[in-house]
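Below, read A as the first sequence line, B as the second, and so on, with proteins coming before strands; counting in each chain starts at 1.
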Protein chains: 2
Amino acid sequence: MSDSRRRRVTLNDIAEAARVSRATVSLVLRDSPLVHADTRARVETHMRKLGYVYNRAAANLRRQTSSSVALVINDLSNPFFAEFAAGVDEALAAAGYVTLLGGTGESASRQQAVLGSLMEHQPAAIILSPAEGSDASRIAHAVGAHTPLLVFNRELEGAGWDFLGLDNRRGARLATEHLLKQGHRRIAFFGGHADSSSCRERRLGYGDALAAAGVTPEPQWLVECAPTRLEAAAQTGALFVRDPVPTAAVCYNDAVALGLMLGLARRGRRPGHDFALTGFDDIPESAMSVPPLTTLAADPRARGRQAAALVLARLKHAPGAHKRTIVPVQLVVRESSGGADTAAPPSARKRR
Amino acid sequence: MSDSRRRRVTLNDIAEAARVSRATVSLVLRDSPLVHADTRARVETHMRKLGYVYNRAAANLRRQTSSSVALVINDLSNPFFAEFAAGVDEALAAAGYVTLLGGTGESASRQQAVLGSLMEHQPAAIILSPAEGSDASRIAHAVGAHTPLLVFNRELEGAGWDFLGLDNRRGARLATEHLLKQGHRRIAFFGGHADSSSCRERRLGYGDALAAAGVTPEPQWLVECAPTRLEAAAQTGALFVRDPVPTAAVCYNDAVALGLMLGLARRGRRPGHDFALTGFDDIPESAMSVPPLTTLAADPRARGRQAAALVLARLKHAPGAHKRTIVPVQLVVRESSGGADTAAPPSARKRR
DNA sequence: CATATCAATTAGAACGATCTAAATTCGATC
DNA sequence: GATCGAATTTAGATCGTTCTAATTGATATG
């Protein structure tokens with residue numbers, strides 16, 4: 001209430017009001033045992049009365065510390081990363097840090113700008129989920145050598161940064177083995193860009209499983225597309241241009257799988273019935289799709305918390321070799337991988 | 001590279017290296033025409049050489065300004081809000097501000113904590129999408145009278161804050177009228193909590209349309225549930241416990257509608273065929289569901305940009321009456337509202 | 001009573017930038 | 001060469017905190 005123009009109330013104002021020195025007020029703020037109980041009470045009264053709010057920026061300046069962590073995300077509109085961001089923020093907040101958000105929209109140049117701008121706010125550390133086409137050396141330049149950086153999800157060779165990622169290779173192998181076990185032999189790998197590290201790794205896992213089963217993949221079973229529903233739906237046809245056509249597909253991720261299901265439906269194939277497929281990520285809508293999607297659960301929210309924890313640990317125990325953390329993923333079997341032509345009953349099986 | 005322990009390089013270091021005063025370097029930083037071209041060049045060289053990075057916190061302290069805006073979001077894992085956040089961040093970044101993120105997970109008490117923590121970082125303004133059960137006076141206390149606040153999406157009576165929201169009432173009326181036009185008379189309103197402002201407004205619009213058509217809604221056509229897919233699927237049965245049962249439903253939002261579609265499928269009803277329904281928000285998966293969902297487009301990303309713009313405008317032209325902005329929503333007709341028992345062909349109709 | 005000990009408080013210099021007001025340099029002019 | 005005005009540069013205070021090193025009282029000890 002009252003004069004909206006008035007300048008902020010500071011430690012000095014409180015000191016004056018409570019007739020103590022600025023230093024004492026500062027001690028009260030930080031719960032120092034040095035200050036007498038009566039004094040503390042008096043000071044605290046005045047703080048409340050004047051509506052004091054701590055200026056952490058000033059404190060950080062003096063103490064040469066930082067109370068923020070920058071979070072740079074390639075695609076916030078992807079639920080996987082949104083959940084990840086929520087997890088990061090949750091854990092950082094619990095540790096008393098504030099999250100500086102920066103979205104890059106998959107643009108490497110915006111990523112540079114965002115990093116530059118965030119660095120000016122002196123984050124204690126950076127968590128980066130790199131945009132496509134990121135250049136490690138330019139990132140290194142923007143970030144400098146003194147701010148710890150944790151790279152998430154997409155490998156970025158070069159500098160000594162910490163890394164947190166999924167076990168893409170094993171995940172894709174599990175999915176492929178699952179489809180093999182259902183009797184499929186002609187299995188495609190659908191979606192993703194082969195120049196992204198996660199896509200490469202997933203393709204390796206796919207190849208591992210096929211090789212172990214003695215299956216040689218046809219080149220037309222490897223279809224690239226941007227990892228979005230729309231792109232995937234549009235690329236569906238590429239699977240069926242040349243014999244032998246696949247009867248199943250391991251998809252790069254859930255978005256792609258959902259798009260593929262749509263594309264299949266449009267050409268009159270019933271996913272999970274005429275054609276089996278799997279996803280990757282286990283985003284929430286995968287449990288809800290028709291049919292529900294078999295996929296690999298990565299629990300992005302937990303990954304977010306984990307990323308925050310890694311970064312906080314690095315801040316505590318400062319330097320040391322950079323750390324690669326690869327988290328296992330779990331195969332979640334649902335109906336989309338149900339059967340081939342030789343398949344199982346379409347309905348029933350309510351509970352899971 | 002080199003000694004990772006070395007302290008940050010500051011204006012003083014540059015000044016010393018370039019043999020000018022700190023003041024001159026500061027002028028160079030801000031592109032002042034006062035400084036001689038030669039001097040400028042020399043200073044800039046040394047800035048690059050030493051790897052200088054601007055300390056915006058120190059500058060803000062001195063100038064009594066802020067270069068950040070706090071964004072407090074009730075539910076980041078809802079794509080609607082994730083998109084909103086992306087839009088806010090995009091527009092803020094373009095204006096040279098940085099986004100301080102705070103997630104509340106729909107908890108009013110966490111919201112208080114988050115607001116308190118963010119305030120300590122002196123944001124220039126706050127954009128708040130309130131958690132359920134928010135208390136306006138406690139928020140007012142946490143935020144203080146000097147930081148402009150924009151409330152998004154859920155009305156919060158009380159203090160003089162700016163507000164940005166959707167035209168919920170008209171949106172729901174449009175959806176209801178659309179279903180009436182398809183021949184439905186027994187139309188339910190499904191989902192949401194009646195104590196949230198947006199749900200109340202949508203119910204009003206629903207009531208407007210029914211009243212205009214001379215239909216009196218049965219009490220069992222009003223079903224509450226939390227606005228998540230899971231809850232909605234679980235509550236589906238509530239629509240069919242007592243005659244007359246509805247043949248269509250206006251859903252509180254897309255998440256609820258998608259959940260209801262699942263619930264319907266489980267009881268053997270084909271949404272868009274045996275039962276018509278509409279959503280609200282037009283989240284990306286609504287276009288992709290089977291059948292695609294008729295809904296009201298709110299373009300959350302554009303809303304985010306708009307919220308940022310409103311807040312920036314408020315910062316420029318400082319005080320003035322608080323402003324209510326209600327944005328229209330657009331009915332997007334897809335197949336989920338296709339027909340009743342007397343319905344249309346289920347397939348074909350590829351292009352839209 | 002002088003002095004050592006302890007608890008409580010404080011003056012004043014930081015932190016890294018900006019800003020005001022004044023000082024310095026440089027030609028040009030008389 | 002002195003003088004003036006414009007062009008450049010700078011010293012030093014300042015923003016709101018924290019920290020170091022003293023300072024102040026009070027109580028206890030010899």
Side-chain angles (χ1 to χ4, degrees), chain A residues 6-44 46-47 50-68 96 117 119-124 144 146, chain B residues 6-44 46-47 50-68 96 119-124 144 146-147:
Chain A
R6 231 189 48 193
R7 101 187 189 299
R8 309 180 27 79
V9 8
T10 81
L11 276 200
N12 272 313
D13 301 326
I14 315 254
E16 196 173 343
R19 336 216 90 223
V20 290
S21 78
R22 181 171 72 252
T24 303
V25 182
S26 176
L27 290 175
V28 169
L29 267 185
R30 283 166 299 141
D31 275 331
S32 161
L34 288 182
V35 14
H36 191 92
D38 296 353
T39 315
R40 172 188 309 286
R42 183 153 41 93
V43 168
E44 280 172 344
H46 284 103
M47 292 207 308
L50 299 188
Y52 172 72
V53 7
Y54 188 63
N55 186 335
R56 200 169 287 277
N60 282 335
L61 174 59
R62 174 60 233 249
R63 304 183 50 196
Q64 301 279 83
T65 57
S66 165
S67 54
S68 59
S117 160
M119 283 305 294
E120 295 188 348
H121 290 83
Q122 331 278 136
H146 304 305
Chain B
R6 232 190 48 195
R7 97 185 194 302
R8 310 179 26 80
V9 9
T10 81
L11 275 201
N12 273 312
D13 301 325
I14 315 257
E16 196 173 343
R19 338 215 89 225
V20 290
S21 77
R22 181 172 68 254
T24 303
V25 182
S26 175
L27 290 175
V28 169
L29 267 184
R30 283 167 297 142
D31 274 331
S32 161
L34 288 183
V35 12
H36 191 93
D38 296 352
T39 315
R40 172 188 310 285
R42 184 155 38 94
V43 168
E44 281 172 343
H46 285 103
M47 291 208 306
L50 299 188
Y52 172 72
V53 9
Y54 188 62
N55 186 335
R56 201 169 286 276
N60 282 335
L61 174 59
R62 174 62 234 252
R63 306 183 49 197
Q64 302 277 84
T65 57
S66 165
S67 54
S68 59
M119 283 306 294
E120 295 187 348
H121 290 83
Q122 332 278 135
H146 305 305
T147 310

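We find that CG of A:D13 is positioned 13 Å from C1' of D:dT17, with the value rounded to whole Å. Distance CD1 (B:I14) to P (C:dG16): 12 Å, rounded to an integer number of Å. Counting to the nearest Å, the P atom of C:dC19 and the CD atom of B:Q64 are 11 Å from each other. Between the CG atom of A:L61 and the P atom of D:dT18 there is a distance of 11 Å, given to the nearest Å. Atom C1' of nucleotide C:dA8 and atom CZ of A:R30 are separated by 15 Å, given to the nearest angstrom. Atom pair A:R56:CZ and D:dT18:C1' shows a separation of 13 Å (rounding to whole Å applied). One interatomic measurement links the two molecules: NE2 of B:H121 to C1' of D:dT17, which rounds to 14 Å at whole-angstrom precision. The CZ-P distance, from B:R63 to C:dG16, rounds to 19 Å in whole Å.
For the pair B:L11/B:L29, a side-chain contact is recorded, criterion being any heavy-atom separation below 4.5 Å from C-beta on. Annotation: side chain of B:R22 is not in contact with side chain of B:V25 (no heavy-atom distance under 4.5 Å). At a threshold of 4.5 Å between non-hydrogen side-chain atoms, the residues A:D31 and A:R40 count as touching. In this structure, B:V20 and B:V28 have side chains that are not in contact, with every pair of non-hydrogen atoms separated by 4.5 Å or more. Side chains of A:L61 and A:Q122 form no contact here, defined as non-hydrogen atoms less than 4.5 Å apart. Residues B:R30 and B:L27 are in side-chain contact: their nearest non-hydrogen atoms beyond the backbone lie under 4.5 Å apart.
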Q | Footprint string (nucleotides 6-11 of chain D, 5' to 3'): B base within contact, S backbone only, - free, heavy atoms under 4.0 Å | A | --BBBB
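Counting distance only, with no hydrogens placed and no angle test, the side-chain atoms of B:R62 and the base atoms of D:dT14 include a donor-acceptor pair under 3.5 Å.
Among residues two or more places apart in sequence or in another chain, the side-chain hydrogen bond (donor to acceptor under 3.5 Å, both in side chains) test is passed with B:T10 by none.
Contacts of A:S26 with the nucleic acid, taken as non-hydrogen atoms under 4.0 Å apart, include base atoms.
A salt bridge is defined here as a Lys NZ or Arg NE, NH1 or NH2 lying under 4.0 Å from an Asp or Glu carboxylate O, and B:R8 with B:D13 fails to meet this definition.
When the C1' atoms of four end pairs are superposed on the next four at each end of the helix from C:dC1-D:dG30 to C:dC30-D:dG1, using five pairs per end, the two resulting axes differ in direction by 80°, to 10°.
Counting only distance, with no hydrogens or angles, the side chain of B:R42 and the backbone of B:A18 share a donor-acceptor pair below 3.5 Å.
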